[in-house]
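This report concerns only the one structure given below.
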Amino acid sequence: MKVKILSVLKAKPFGYVSGEALSKNLKVSRTAIWKCINELKREGYSIEASSRKGYRLMDTPDMLCHDELVTGWDGKVLGTDFIVLDSVDSTNNYAKKLASEGCREGTVVLAENQTAGRGRLGREWVSPKGSCIFLSVILKPQIAPSRVPVVTLAAAVSVVKVIEQMTGFRAGIKWPNDVVLGGRKVCGILTEMNSEIDRVNYMVLGVGLNISVQETDFPEDIRSKAASLLTYARNEGLSFQVLKRNDIIKMLLSRLEEFYGYIEAENTLPVIEEWKKYSVTLGSEIKLLWKGKECNGLAMDVTEDGNLLVRFEDGTLHEIVSGEISIRGMLGYV
Ligand code: BTN
């Protein structure tokens, strides 16, 4: 019922909805409405009550909240279930366990805090509590395992598009899926999969996006390489309106759902084309570890499977499937 009340109040931003209208609409007593409103207030919603005019929603809390997430959510594949945790070792670990127990595709695991967040290539992912998004979504795509990297690229494209939509900031994507703002990493994506030779049983797509982290809240060793939307705006002297994380999550999932639809229909082109628009990799001189050797080259293109085509210094062309690159002129290239 709280969810329904929230929907009605949200449909009239800053406008009053009378207790009578709510009780008629939801077919419950006005006392029941009043009790729910008080519960919502205790959860951090700012709701003004006037005996003459009714209730109006003034502000919502920036806490991950199941009710907020399901309110107005009309995703068909993603967000079939939202699991909101206060603290967990890693949302990816939690999601993998659920997936192995056979949960529905589209289940989303979120946490305010991760005590052992994991990054790519066995690294740790450290971001402070309450000011980031830690999200893992369980997918069961009916595609060849070799196509799974495109889903990860789609997640990176979804992130840059959401950042652009809500702040106007133009983030870039460093192959394969680091999202960077002002040369610093603002979002990382960790995809893990359970598959057979020719089919994917499930995959867990984990996204860590730094929203309002203060510079000094990043561990010292990554401070010069990490960004949040807030630190970027401060450093660039820009302003933006910070949206609530629940809303950002819904924007992100709905973008991702659109791209996921193309991938499941065996059409990776729209994802690859969008990825290229935001790429900070293509056309750059890069360094990478290849067969145990450090190599220099020029990033030429990405394939329809999301692999990177690199022209090495000796003129040979190679398709890079995984790993990490550094880009000349960007933090980390030494
Ligand atoms: C990277 O190294 O760039 C990937 C970082 C991925 C971090 C996210 S946060 C949510 C999810 N849970 C994890 O433990 N990792 C991913």
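In each ligand, atom 1 is the first atom listed, and ligand 1 is the first ligand listed. Residue numbers run from 1 in the order of the sequence given. None of the values given here were measured: they were computed from a predicted structure. The figures here come from the full heavy-atom set of this structure, side chains too, leaving out hydrogens, waters and symmetry mates.
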Just need the protein heavy atom nearest to [atom], so name the residue and atom and give the distance.
| atom | value |
| --- | --- |
| atom 12 (N) of ligand 1 | Gln114 OE1, 2.9 Å |
| atom 3 (O) of ligand 1 | Lys185 NZ, 2.6 Å |
| atom 15 (N) of ligand 1 | Arg118 O, 2.7 Å |
| atom 4 (C) of ligand 1 | Ile189 N, 3.5 Å |
| atom 10 (C) of ligand 1 | Thr91 OG1, 3.2 Å |
| atom 8 (C) of ligand 1 | Gly208 N, 3.6 Å |
| atom 5 (C) of ligand 1 | Trp125 CE3, 3.4 Å |
| atom 1 (C) of ligand 1 | Arg120 N, 3.4 Å |

- Any donor-acceptor pair under 3.5 Å from Thr80 side chain to Glu105 backbone: yes
Regarding [X] and [Y], does a basic nitrogen lie under 4.0 Å from an acidic carboxylate oxygen?
| X | Y | result |
| --- | --- | --- |
| Lys277 | Glu273 | no |
| Lys244 | Glu68 | no |
| Arg255 | Glu274 | no |

- Can you find a side-chain donor-acceptor pair between Thr303 and Asp305 that sits under 3.5 Å? no
- Gly119 neighbourhood, listing ligand 1 atoms whose heavy-atom distance to it stays under 4.0 Å: 1 (C), 2 (O), 4 (C), 5 (C)
- Task: May I ask you to list the atoms of ligand 1 that are less than 4.0 angstrom from any heavy atom of Leu135?
- Result: 10 (C)
Using a 4.0 Å heavy-atom threshold (strictly under), name the region of [X] that reaches ligand 1: side chain, backbone, both or neither.
| X | result |
| --- | --- |
| Arg123 | neither |
| Val207 | backbone |
| Asp178 | side chain |

- When Val137, Ile143, Thr268 are each screened for side-chain contact (heavy atoms from CB on, under 4.5 Å) with Val151, the one that passes is Ile143
